[in-house]
Amino acid sequence: MKVQVYAALKDYFEQEFEIAEPVHSIEELRLLLLQRNPAAEAIMPVCRFAVNDEFVDHRFQLHANDILHIIPPSSGG
Amino acid sequence: MKVQVYAALKDYFEQEFEIAEPVHSIEELRLLLLQRNPAAEAIMPVCRFAVNDEFVDHRFQLHANDILHIIPPSSGG
Amino acid sequence: MTSSTSFPRAAGDNNPLLSATPINMAALLESAHHPAAGAVVLFSGETRDNSHGRQVAYLEYEAHESMAGRMIAAILEEAKAKWDLKIALACHRTGRVAVGETAVVVITAAAHRREAYAANRYIIDRVKHETPIWKREYFTDGSSEWGGNCDCQKITGDANRHIYETDTN
Amino acid sequence: MTSSTSFPRAAGDNNPLLSATPINMAALLESAHHPAAGAVVLFSGETRDNSHGRQVAYLEYEAHESMAGRMIAAILEEAKAKWDLKIALACHRTGRVAVGETAVVVITAAAHRREAYAANRYIIDRVKHETPIWKREYFTDGSSEWGGNCDCQKITGDANRHIYETDTN
């Protein structure tokens with residue numbers, strides 16, 4: 001599973017990385033990422049998750065080939 | 001006293017004309033103009049009067065050299 | 001309409017407040033950047049091809065130019081003070097304005113967008129309701145009439161009291 | 001940031017929704033006339049020289065471009081339907097945006113000004129709060145930080161529920 005993060009999330013994770021572990025939901029992914037870098041707790045709770053470019057909620061079921069984008073709060077304009 | 005009118009008022013009066021009669025207030029002027037053309041009653045009540053480019057009310061005292069502008073409701077924009 | 005080549009100008013700005021020729025929108029917008037302004041709002045009032053169900057060919061604007069210019073300048077200054085605008089510009093056409101052409105433009109620049117929008121709307125509402133400028137509508141059937149007067153005083157009973165949709169406070 | 005030369009476009013319009021190079025404001029405004037539109041409103045969000053009391057040198061925008069483009073297009077289409085807009089355009093910069101330069105532009109054209117203003121404000125509010133676009137502020141002292149996040153969810157408790165100042169109904 002490929003994960004891409006943006007903006008302030010890049011202070012906590014590589015911009016793009018692979019998840020080899022089996023994760024079945026956004027919630028599981030979230031917990032895994034916080035294990036990898038507990039400091040990300042500062043921003044993760046306010047981030048949105050998108051799978052294949054659609055926003056999904058925490059119960060969303062993941063598949064191995066999904067492309068995950070983790071979206072911090074917008075600051076456009 | 002010189003009077004200048006605009007827009008729809010030109011359907012009732014010349015665009016510019018002189019008042020020879022002694023008129024002492026806007027109210028007197030108004031009555032005089034309605035005597036000259038009673039049909040102007042259709043628009044005169046909604047017009048504003050300006051003397052020397054400042055809006056004045058109906059009690060304003062006129063002087064012989066004043067320049068009067070009669071201003072129909074705005075339709076700019 | 002009195003022809004004039006020296007229109008009144010707002011204090012500290014080089015844009016005419018009235019123009020007998022097409023307004024250079026690009027130049028006006030380009031002049032409205034300001035390092036302390038995060039928000040620029042431009043309003044362009046343009047001639048529509050229809051009015052009350054009739055086909056419009058073009059409009060012709062008449063103005064009592066000296067008063068209109070002075071009043072627009074005063075409205076801009078008031079808005080500038082009220083919303084701490086960095087820039088406030090306006091220009092109203094006189095003469096013939098074709099369909100799709102700009103009859104009036106207002107540009108406001110402020111630190112934040114709330115102020116830029118509110119001030120912009122305030123300025124155009126007052127310019128339209130209060131300044132001595134009038135449109136004559138020329139229709140495609142060859143007829144024409146004085147158009148779209150402000151009729152606030154039917155409600156307020158006072159030619160100097162207007163009703164604005166937005167709360168301008 | 002992913003570089004891309006083919007940005008997504010809104011249905012029926014030729015303007016890119018995201019741009020890595022300066023936005024041609026004059027051309028965009030010129031393209032926004034419509035014979036049935038009496039009111040055109042343009043909003044330009046520009047880099048300010050200060051942020052929270054610090055001197056800003058420039059901003060740099062990052063976007064998840066495919067999503068951002070699709071979301072902006074959807075917001076424009078929604079606003080068009082809601083206010084019967086004749087034209088709705090938007091373009092957001094990516095990359096470096098200097099002080100006084102446009103970071104985002106929104107243009108709306110409607111029969112009347114009320115709709116043009118309301119729709120314009122609606123579009124920019126949603127673009128700013130919802131689309132995956134982020135600014136990094138570079139200060140004159142050489143430091144930088146991710147800037148000015150939408151923090152509506154501190155109040156709503158939901159990253160997908162935003163608070164808008166204007167009633168958009």
Side-chain angles (χ1 to χ4, degrees), chain B residues 1-19 23 25-34 37-63 65-77, chain C residues 1-2 8 18 43-48 51 59-72 74 90-94 97 102-106 123-137 144-154 156-162:
Chain B
M1 186 175 304
K2 196 178 131 192
V3 177
Q4 202 161 346
V5 305
Y6 295 91
L9 272 171
K10 295 187 295 185
D11 295 345
Y12 301 95
F13 302 104
E14 290 297 304
Q15 182 164 357
E16 266 187 69
F17 55 94
E18 287 284 337
I19 299 270
V23 289
S25 70
I26 295 290
E27 191 52 31
E28 283 181 33
L29 173 70
R30 227 172 59 84
L31 294 171
L32 178 70
L33 294 177
L34 289 174
N37 187 350
E41 182 65 33
I43 183 168
M44 200 66 94
V46 296
C47 291
R48 291 177 289 174
F49 291 76
V51 175
N52 306 324
D53 279 5
E54 297 283 352
F55 285 119
V56 296
D57 68 19
H58 286 188
R59 292 178 303 276
F60 188 84
Q61 296 301 302
L62 294 171
H63 299 283
N65 293 331
D66 284 340
I67 298 173
L68 256 293
H69 294 269
I70 313 184
I71 310 287
S74 302
S75 60
Chain C
M1 189 181 54
T2 317
L18 294 164
F43 171 80
S44 170
E46 309 191 348
T47 302
R48 268 185 305 144
S51 176
L59 302 181
E60 210 164 273
Y61 284 93
E62 176 177 327
H64 175 10
E65 293 179 3
S66 58
M67 265 189 99
R70 220 157 33 83
M71 288 177 75
I72 294 171
C91 183
H92 203 300
R93 278 295 310 280
T94 57
V97 180
T102 295
V104 56
V105 59
V106 174
I123 292 165
I124 190 59
D125 283 357
R126 289 198 57 195
V127 167
K128 279 175 171 254
H129 283 263
E130 299 180 26
T131 61
I133 301 173
W134 303 274
K135 68 163 71 73
R136 189 167 177 89
E137 299 176 318
S144 67
E145 60 185 42
W146 294 102
N149 285 340
C150 158
D151 58 0
C152 291
Q153 68 181 299
K154 284 185 189 161
T156 66
D158 179 346
N160 290 304
R161 285 187 55 218
H162 301 273

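We use all heavy atoms of the structure for the numbers below, so side chains are in, but hydrogens, waters and symmetry mates are not. We name chains A, B, ... by the order of the sequence lines, and we start the count at 1 in each one.
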Which bit of B:D57 comes within less than 4.5 Å of chain C, counting heavy atoms only: side chain, backbone, both or neither? neither
Approximate separation, where rounding is to 0.5 Å, of C:E62 CD and B:Q15 CD: 6.0 Å
Identify the two heavy atoms, one from B:K10 and one from C:W146, that lie closest to each other, and give their separation to 0.1 Å. CE-CZ2, 4.0 Å
Could you measure the distance from the CE atom of C:M71 to the CG atom of B:D53? Nearest 0.5 Å is fine. 10.5 Å
Under 3.5 Å, is there a donor-acceptor pair between the side chain of C:H129 and the main chain of B:S74? no
Of all the heavy-atom pairs spanning B:E54 and C:R70, show the shortest one and how long it is. OE2-NH1, 3.5 Å
Within 6.0 angstrom of C:D158 CG, more than 12 heavy atoms from elsewhere: yes
So which of C:T131, C:V127, C:V104 has the biggest tally of heavy-atom pairs under 4.5 Å with chain B? C:T131
So, does B:R48 use its side chain to make a donor-acceptor pair with the main chain of C:P132 at under 3.5 Å? no
Identify the two heavy atoms, one from B:S75 and one from C:W134, that lie closest to each other, and give their separation to 0.1 Å. OG-CA, 3.1 Å
Interface check, chain C: of B:P45, B:A7, B:C47, B:A50, most non-hydrogen pairs under 4.5 Å belong to B:A7
Any donor-acceptor N/O pair, C:Y61 side chain to B:G77 backbone, under 3.5 Å: yes
Can you tell me which portion of C:H64 sits under 4.5 Å from chain B's heavy atoms? Options are side chain, backbone, both or neither. both
